[in-house]
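Take this structure, written in structure tokens, and hold onto it; I'll ask about it next.
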Amino acid sequence: MLKSIAVMTSGGDSPGMNAAVRAVTRTALHQGVKVWGIRGGYHGLLDEEMFEMVSKDVSDIIQRGGTFLGTARCKRFQTPEGRMLGYKNLVDRGIQGLVVVGGDGSLRGASTLSKETGIPIVGLPGTIDNDVWGSDYTIGCDTAANTIIDAMNKLRDTASAHRRIIVLEVMGRNSGWLAMVAGISGGAEYILVPEEPFDLDAICENMKEEYAKGKRYILMVVAEGAGKAAEIGPIVAEKTGLDTRVSKLGHIQRGGSPSVIDRVKASQLGEHAALAIISGLSDIVFGFNRGHVVSINLHDAVNNKKTLDPMYMRLAKVLA
Ligand code: F6P
């Protein structure tokens, strides 16, 4: 049984990270284990920005987006010297295990730290991109998808009013998951994702035909990994001759009060992470598979690339 653990959020923030940290903290305290909060991701680990938490420290945060601990992408932690300093800072405080909530890059850092030092580490997938291998869910992806749909509903009003094509760029880094699920549930006519090649000429021809048949407007969702709306929009305008506008949602997608799904799933994952690390388990990421919490090998999670279920591609085409 470990007696003292730490928890941190790292990389891009995502709605639900707070719920995860709250669950880790309260579960550990419930087990009589000390919990340290690390501020600002790996930066805080290196700069000794850590504090011992009590239950009240995680009050009033479950409903908030972002992460109350703060987060960062930390170049120094990518060096062996940086990681050794981080390890020393943990050991100096008697911290015996670490829970890292973050995306691909953050979990990669955790994987290396564990290999180099042997300190027990449990990861939780925290990113709006839903791109962590082994889990069909990452904390924040549901809220982000809902934010995109909300924007699409609004864009639809103005697109319809003006008979316009709207090209909407959404986040996701190299993954098309966000674009795909938002596109399907927001009723987009075209969804461009990095996982599937597309023929813009053919798409534009199709758009002209649809307009000729009486279509009033078109929504096209572009995953940032598939291309830039600022470049695709003008091409569409030129090739179709149709009134076209471009919209990029940007960091709005990362914020906002977490959805019920993100709050509940992050809480479940947080509880699992705390219990696992306290019992001495290590090198695990907890995620979801078909609705159930599963444990994934940390190193496998960061060394494999998650693919987009082809079911989405098929469905998007049938429904468009
Ligand atoms: O990984 C989350 C994410 O929001 C990606 O979708 C996006 O490409 C990236 O982070 C943006 O990073 P930053 O906040 O550093 O601009």
Side-chain angles (χ1 to χ4, degrees), residues 8-21 39-44 64-78 100-111 123-152 167-183 186 191-195 221-232 246-259 262 265-266 269 285 287 301-302 304-308 312:
M8 64 188 277
T9 51
S10 170
D13 61 291
S14 65
M17 279 184 161
N18 281 330
V21 171
R39 295 194 194 281
Y42 290 116
H43 275 306
R64 296 198 185 154
T67 156
F68 88 106
L69 283 177
T71 187
R73 304 188 201 281
C74 179
K75 284 245 167 351
R76 274 186 297 157
F77 196 73
Q78 289 169 12
V100 177
V101 188
D104 204 35
S106 307
L107 297 176
R108 192 173 298 283
S111 156
L124 292 182
T127 166
I128 63 166
D129 301 338
N130 201 0
D131 60 350
V132 174
W133 185 87
S135 178
D136 52 30
Y137 165 82
T138 58
I139 296 165
C141 71
D142 182 67
T143 307
N146 280 299
T147 302
I148 298 171
I149 291 169
D150 184 47
M152 286 178 73
V167 181
L168 171 67
E169 181 182 322
V170 303
M171 281 186 170
R173 208 177 283 275
N174 301 314
S175 162
W177 185 88
L178 261 184
M180 195 45 95
V181 297
I191 307 168
L192 308 188
V193 291
E195 290 85 351
V221 179
V222 182
E224 64 175 338
K228 291 188 189 323
E231 287 167 10
I232 292 172
V246 162
S247 187
K248 181 176 174 176
L249 275 189
H251 288 79
I252 285 172
Q253 292 159 98
R254 284 244 294 266
S257 180
S259 66
D262 281 330
K265 289 197 165 179
L269 293 176
V285 175
V302 298
N304 286 288
K305 192 174 160 25
K306 185 171 168 182
T307 53
L308 191 60
Y312 286 128

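Heavy-atom basis, side chains included; hydrogens, waters and symmetry copies ignored. As the structure lists them, so they are numbered: ligands from 1, and atoms in each ligand from 1.
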Q: Give the numbers and elements of all ligand 1 atoms closer than 4.0 Å to a heavy atom of Gly172.
A: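 Per the distance check, 6 (O).
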Q | Polar side-chain atom of Thr138 near backbone of Thr127 as donor-acceptor pair, under 3.5 Å | A | yes
Q) Does a side-chain heavy-atom distance below 4.5 Å link Tyr137 with Val132? A)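 No, their side chains stay 4.5 Å or more apart.
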Q) Does one side chain, of Ser259 or Asp142, offer a donor that lies under 3.5 Å from an acceptor on the other? A) yes
(Q) Between ligand 1 and Gln253, can you find any atom pair, the residue atom being a heavy atom, that is separated by under 4.0 Å? (A)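 Per 4.0 Å heavy-atom rule, Gln253 does not contact ligand 1.
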Q) What residue pairs, at least two apart or across chains, pass salt bridge (charged side-chain N to carboxylate O under 4.0 Å, His left out) with a residue in residues 11-21? A) Asp13-Arg254
Q: Using a 4.0 Å heavy-atom cut-off, say whether Arg254 meets ligand 1 through its side chain, its backbone, both or neither.
A: side chain
Q | Protein residue, atom and distance nearest to atom 9 (C) of ligand 1, heavy-atom basis | A | Arg173 NH2, 3.5 Å
(Q) Closer than 3.5 angstrom, by distance alone: can the side chain of Asn130 be matched with the main-chain N or O of Trp177 as a donor-acceptor pair? (A)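 No.
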**Q.** Glu224: numbered ligand 1 atoms lying under 4.0 Å from its heavy atoms
**A.** 5 (C), 6 (O), 7 (C), 8 (O)
Q: Select the closest option to atom 5 (C) of ligand 1 among Asp129, Asn130, Thr138, judged by heavy-atom distance.
A: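 Considering heavy atoms of Asp129, Asn130, Thr138, the nearest to atom 5 (C) of ligand 1 sits in Asp129.
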Q. Going by the order shown, which atoms of ligand 1 are within less than 4.0 Å of some heavy atom of His251?
A. 13 (P), 14 (O), 16 (O)
Q. For ligand 1, which atoms sit closer than 4.0 Å to a heavy atom of Arg73?
A. 9 (C), 10 (O), 11 (C), 12 (O), 13 (P), 14 (O), 15 (O)
Q. Asn174 and Lys305: side-chain donor and acceptor closer than 3.5 Å?
A.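 No - no donor-acceptor pair under 3.5 Å links their side chains.
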